[in-house]
Amino acid sequence: MAQIVFDQVTKRYGDVRAVDDLSLAVGDGELLVLLGPSGCGKTTALRMVAGLEVVDEGTVAIGDRVVNDVEPRDRDVAMVFQSYALYPHLTVAKNLEFPLRQRGVPKEERERRAVDVARTLGLEPFLGRKPGQLSGGQRQRVALGRAIVRSPKAFLMDEPLSNLDAALRVQTRADIVALQQRLGTTTIYVTHDQVEAMTMGHRIAVMDHGRLQQVAAPQELYDRPGNSFVAAFLGSPGMNLIGGRVAVEAEGGTAIRTAAGDVLLQGAQASVASHHEQPVVLGVRPEHLRISPGGALEGTVLLVELLGAETQVICELADHSRVVVRQQADQARPRLGEPVRIAVEPAAVHLFTEDGSRLEEKTAA
Amino acid sequence: MPAEPVSDAPGAAAVLPAEGAVPRPQGAAPGEAHRPTPRAGRSRRRLRLVARYLLLTLGALVVLLPVYLTVVNSLLPEPALAHQPPYLYPSHAQWQNYSTAWVGGHLSIYLRNSVIQTAIIVVGQLVTSILAAYAFAFLRFPFRRTLFLLFLSTLMIPFEVTLITNLDTITSLGWYNTFAGLTVPFLATGFGTFLLRQAFLQIPRDLQEAAALDGYGHWRFMTRVAVPLARPSVAALAVFSFLGAWNQYLWPLVVTGNNNAVRTVQIGLKLLVGTNVSSVNVTLAGTVIAVTPLLILLIVFQKQLVRSLTAGAVK
């Protein structure tokens, strides 16, 4: 076990900076999720830890050792690939033994450890089978087994669940979390699935365009997104973002004036009054909006999505931007095309500048 | 007394039909036609199958008849060869034709030489093709693409074009009338490199990276993972190399001179014509001896050969 530290790491492909000045420390025994859309640089960052990509600038350290110039085999990390990367011509047992063989582990010891790992992962009945004869879930477990069999300093997981069906994914992610907790091995887990990130990570590092956007515990990331990208990316669906201007009302209150109506601010948020007339982005999560006759925003119902326990109402505002309102399934559902008013929960409003960074509210203290 | 079938046993209605069994509609007698359309479709399919097999049989006949006639004629006495209509089977097989060819034509020596020459070429081509193909598929080095195109371009040069140059080189190296002269020009092959490179490119890059993390360098990855995974193509290349080397005629003819110690069986067959043991049936017996190793090889490896040739052609 060891901590992993990225220090001002940059990776370029031609003119493109795939990873741009990344500084991030993954604690000893931590499960850190690297989250972001396709092409955000998360897999590249992971591969630099594995030694499969060369670091152009900065340093990557595993434990106390900078590993920029260390061969992948000498870094003592194990990687689980999206494709599982199992050796198709070898049986499950031989696949599990493969990493040990090169390290000079005696045959009996290799076999014993392979059987131990197989037992842990419920793979014992399949030891004699080849990967082609296994289901997707079983292959995924073999890939995990191959990673844990040699007790590495760190696990690197590159979207290991993306080839599984939805039900199996839910079960397997719980299995991985339990396994990681039991082994206590430092783990970097790459995914573009924010539900996976929220449910698995001790902390989540959100990346976009090669840059680290925010790193925090899942709930903190959801409750206090550092910028509008994180706000919109996290959550299903993400936060609604509505453009507007800060307006100080005649009565002394502060509001955000949008094309669809004025949203009054309360409490700490109202401290943005000093930004009078400045353009801002109002962020509010779908569960903090509701359709109500006295609502501040005016819109038209575009689509109503029934999700069983709840309903998502997608509305178009006057400036043609769209917002999603989440309501309980038992609440009255508006009709398509119906003009509605949408109320905003004032305490749940987030404010961002035009360039996306969070407008820090001044607390009364 | 045989046990009663399950379906007739009491309570059999609860028994589920076996997997793949087609349930019969209630009240319908076995064999009764319920829907005419599937039956018409079935007979059409059967007709198409019969036509296909007839065509294949005809093709097989066209290919096999000359081989069969060669075997028949190799077993006939010489006067019987001119018989009209020709004999389609030997009533009294003349096995001594084979011993005459074997002993009088020195076929045992020539066969041994062919085995040595072919083995060297096959092993040589496998080794060089695997190494070159691995480099082209997995290593990154300057001018990789250009070099590969250069390799490919050698496929377009007929061997005859290089014959004189090769002979000149071999002679100046002092390899005339030696196995080295017979085999060295064929130890590398553009075709083999191309075939194996394509096979190696099918191996996911993740496997190489996983192996690198597991501590396997290029050499071990090649021998433990890449080559075993490309086995069908490697086997096909071995068969192609064998066929090519065994059937060589022109190069062994020019490079072996009059040295029996290195002459191959194809040259031996040619020499059989016009010697005192020569007659058409003895020559044919020698031909049968010469092609027998090839036939055995083709029969043993036919699946690998076809699989490799059609690899990638269909999903």
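So you know, we letter chains A, B, ... as the sequences are listed, proteins then strands, and number each from 1. As a basis for the values below, the full set of heavy atoms in this structure was taken, side chains included, without hydrogen atoms, waters or symmetry mates.
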(request) Report yes or no: do Y189(A) and E196(A) form a side-chain donor-acceptor pair below 3.5 Å? (result) yes

(request) With a 4.5 angstrom heavy-atom cut-off, could you sort out which part of R220(B) is near chain A: side chain, backbone, both or neither? (result) side chain

(message) Which atoms of L86(A) are under 4.5 Å from chain B, going by heavy atoms: the side chain, the backbone, both sets, or neither?
(response) backbone

(request) Let me know if Y87(A) has heavy atoms under 4.5 Å from chain B in its side chain, its backbone, both or neither. (result) both

(request) Any pair with a residue in residues 128-156 of chain B that passes side chain to side chain donor-acceptor pair (under 3.5 Å), sequence neighbours left out, goes on the list, sorted by first then second residue, please. (result) Y134(B)-H218(B)

(message) Run the side chain to side chain contact (heavy atoms under 4.5 Å, CB included) test against S241(B) and tell me which residues pass, sequence neighbours left out.
(response) V122(B), Q125(B), L237(B)

(request) With a 4.5 Å heavy-atom cut-off (strictly below), which parts of residues 41-65 of chain A touch chain B? List them by number. (result) R47(A), A50(A), L52(A)

(message) Going by side chain to side chain contact (heavy atoms under 4.5 Å, CB included), name the residues that satisfy it together with V123(B), two or more places apart in sequence or in a different chain.
(response) V127(B)

(request) Could you tell me which portion of V80(A) (side chain, backbone, both or neither) has an atom closer than 4.5 angstrom to a non-hydrogen atom of chain B? (result) neither

(message) Closer than 4.0 angstrom, basic N to acidic O: yes or no for D116(A) and R119(A)?
(response) yes

(request) Taking the six-membered ring for Trp and the full ring for Phe, Tyr or His, determine whether the centres of F136(B) and F200(B) are under 6.0 Å apart. (result) no

(request) Decide, yes or no, whether a salt bridge links K107(A) with E111(A) under the criterion of side-chain N to carboxylate O below 4.0 Å. (result) yes

(request) Could you tell me whether F221(B) and F138(B) have their ring centroids closer than 6.0 angstrom? (result) yes

(message) Taking side chain as everything from C-beta outward and backbone as N, CA, C, O, which of these in R101(A) sits under 4.5 Å from a heavy atom of chain B? Side chain, backbone, both or neither.
(response) both

